[in-house]
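Okay, structure first, notes after.
All figures in this text were calculated on a predicted structure; none of them were measured in a lab.
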Amino acid sequence: MTVPERVGVLGGGRMGAGIAHAFLLAGADVIVVERDPEAAAAALGRITDSVEESIDRGKTVLSRDDLASALHTGTDVAAFADCALVIEAVPEERDLKLDALRRVEAQLSPGAVLASNTSSISIDSLASELLRPGRFLGLHFFNPVPASALVEIVAGDATQPELLGEARGWVAALGKTPITVRDAPGFASSRLGVAIGLEAIRMLESGVASAEDIDAAMTLGYKHPVGPLKLTDIVGLDVRLGIAEYLHAELGDRFEPPALLRRLVAEGKLGRKSGQGFYRWDENPSKESNR
């Protein structure tokens, strides 16, 4: 099992950088395209730091020179022309993703595969606006990508069946476990994860317990690696709110965002990336205090 020889990633933020990292360590040449030179330089630094950490930890036999020569960044989607696979990893907004996917698809050969890293937006909805829906699917990676063990493969109605087998092989080559789900609001992982996270927020809002104790109930009682409130901080409260609003519209009131979540987002308390959410985060995210 191998990954495609040349892989593109549109968007070099936390998720895009992690996806690039994973394919680099699996032996692919990777091109990351960002919106402007400053963002491209930031993505290069982000990926380089992450890869060097993997080298220092003995997670790869590839050298720094090998990995540096395999990584390319730029600002023009035309750089994806020779890629066999391109993964879109832009923010979770349907119109933004659709515009990005259309621009990338126009550069690809007919046999190339286009994928979205969306965590909730309908693959069929996006595919309906593309020229080659059969060569499109969801590849939902989890944060942090280098350490995560799972990739959710989302099959649209038009996705070619043989493409799903190829995708499972790529995920296995990355050292991760694939699960395959049909297109549905929130797929499997986001739908379950957001449901737990929203209920935890409601519990905190109504004074059932502190954030730390609610999280401990899940980490110690149910062996979750991280509690739902701390996970929301890591993902970003704004990101979770956006997903919850989408699921609320698609699936009904059980996914209605709690007032506390809306208030914290309005106050700019977005979690780890802003320094405060349900927890306060210092420069070392492993050390936090309850809000």
Salt bridge (charged side-chain N to carboxylate O under 4.0 Å, His left out) contacts in which one or both residues fall within residues 5-30, not counting sequence neighbours: none
Any Tyr222 side-chain heavy atom under 4.5 Å of Ile196 side chain: no
N/O donor-acceptor pair under 3.5 Å between Tyr246 side chain and Pro185 backbone: no
Non-hydrogen atoms of Ala79 and Val33 that approach each other most closely: CB-CG2, 4.5 Å
Closest approach of Ala28 to Pro4 (non-hydrogen atoms, all atoms of both residues): CB-O, 3.4 Å
Side-chain donor/acceptor of Ser148 to backbone N/O of Val145, under 3.5 Å: yes
Acceptor/donor pairs from residues 231-240 side chains to any protein atom, 3.5 angstrom cut, sequence neighbours excluded:
residue: Thr232; atom: OG1; partner: Pro228; partner atom: O; Å: 2.8
residue: Thr232; atom: OG1; partner: Arg240; partner atom: NH1; Å: 3.0
residue: Asp233; atom: OD1; partner: Phe278; partner atom: N; Å: 2.9
residue: Asp233; atom: OD2; partner: Phe278; partner atom: N; Å: 3.2
residue: Asp233; atom: OD2; partner: Tyr279; partner atom: N; Å: 2.9
residue: Asp233; atom: OD2; partner: Trp281; partner atom: NE1; Å: 2.8
residue: Asp238; atom: OD1; partner: Lys273; partner atom: NZ; Å: 2.9
residue: Asp238; atom: OD2; partner: Lys273; partner atom: NZ; Å: 3.1

ILVMFWY cluster, Ile87 and Leu10 together (side-chain gap under 4.5 Å): no
Distance (rounded to the nearest 0.5 Å) between Arg135 CZ and Leu85 CG: 10.0 Å
Which donor-acceptor pairs under 3.5 Å do side chains of residues 249-261 form with protein atoms, sequence neighbours excluded?
residue: Asp253; atom: OD1; partner: His248; partner atom: NE2; Å: 3.2
residue: Arg254; atom: NH1; partner: Leu251; partner atom: O; Å: 3.0

From CG (Leu114) to SG (Cys83), nearest 0.5 Å: 11.0 Å
Residues Lys176, Leu150; criterion side-chain contact (heavy atoms from CB on, under 4.5 Å); working and verdict: CA-CA 5 Å; Lys176 302 182 187 300; Leu150 178 70; over 6 Å; no
Selection residues 187-203 - residue pairs positive for salt bridge (charged side-chain N to carboxylate O under 4.0 Å, His left out), sequence neighbours left out: Glu199-Arg202
Flag, side chain of Asp36 to backbone of Ala39, donor-acceptor distance under 3.5 Å: yes
Interatomic spacing from CD1 in Ile153 to CD1 in Ile179 - rounded to 0.5 Å: 9.0 Å
Pair Val226-Asp215, side-chain contact (heavy atoms from CB on, under 4.5 Å): steps then yes or no: CA-CA 7 Å; Val226 63; Asp215 279 350; 6.0 Å; no
Given Arg103, Lys97, Arg94, the one that forms salt bridge (charged side-chain N to carboxylate O under 4.0 Å, His left out) with Glu88: Lys97
Contact check, side chains of Arg262 and Glu245, non-hydrogen atoms, under 4.5 Å: yes
Closest approach of Ala209 to Ile214 (non-hydrogen atoms, all atoms of both residues): O-CD1, 3.6 Å
Stepwise side-chain contact (heavy atoms from CB on, under 4.5 Å) test for Leu126 and Ser116: CA-CA 9 Å; Leu126 296 172; Ser116 175; 4.3 Å; yes
Residue pairs, two or more places apart or on separate chains, that pass ring-ring contact (aromatic ring centres under 6.0 Å, His included) and touch residues 129-149: His140-Phe142
Shared hydrophobic cluster for Leu163 and Val86 (ILVMFWY, side-chain gaps under 4.5 Å): no
hydrophobic_cluster_shared for Val104 and Val7, side chain cutoff 4.5 Å: no
Side-chain heavy-atom pair Thr219, Lys230 within 4.5 angstrom cut-off: no
Arg35 and Thr75, any side-chain heavy atoms less than 4.5 Å apart: no
Glu34 side chain near Thr73 side chain, heavy-atom distance below 4.5 Å: no
Nearest heavy atoms of Val154 and Asp183, plus distance in Å: CG1-CA, 3.9 Å
Pairwise distance CG(Asp82) to OG(Ser109) - rounded to 0.5 angstrom: 8.5 Å
Single-linkage hydrophobic cluster, 4.5 Å side-chain cutoff, Leu71 and Val3 together: yes
List the atom pairs, with distances to 0.1 Å, where a side-chain N or O of residues 16-26 and a protein N or O form a donor-acceptor pair under 3.5 Å, not counting sequence neighbours.
residue: His21; atom: ND1; partner: Ser50; partner atom: OG; Å: 2.5
residue: His21; atom: NE2; partner: Ser54; partner atom: OG; Å: 3.0

Atom pair OG (Ser190) and CG (Leu192), whose distance is rounded to the nearest 0.5 Å: 9.5 Å
Ser210 OG to Met203 CE distance, which is reported to the nearest 0.5 Å: 10.0 Å
Verdict with reasoning, Val265 to Leu270, per side-chain contact (heavy atoms from CB on, under 4.5 Å): CA-CA 6 Å; Val265 171; Leu270 307 181; 4.1 Å; yes
Residues Glu92, Ser120; criterion side-chain hydrogen bond (donor to acceptor under 3.5 Å, both in side chains); working and verdict: CA-CA 8 Å; Glu92 195 75 356; Ser120 63; 3.0 Å; yes
ILVMFWY cluster, Val30 and Ile55 together (side-chain gap under 4.5 Å): yes
Whether Glu152 side chain and Ser189 backbone form a donor-acceptor pair below 3.5 Å: yes
Closest approach of Leu137 to Ala167 (non-hydrogen atoms, all atoms of both residues): CD1-CB, 3.8 Å
Residues Arg182, Asp124: salt bridge by 4.0 Å N-O rule: no
Residue pair Ala211 / Leu204: nearest heavy atoms and the distance that separates them: N-CD1, 3.6 Å
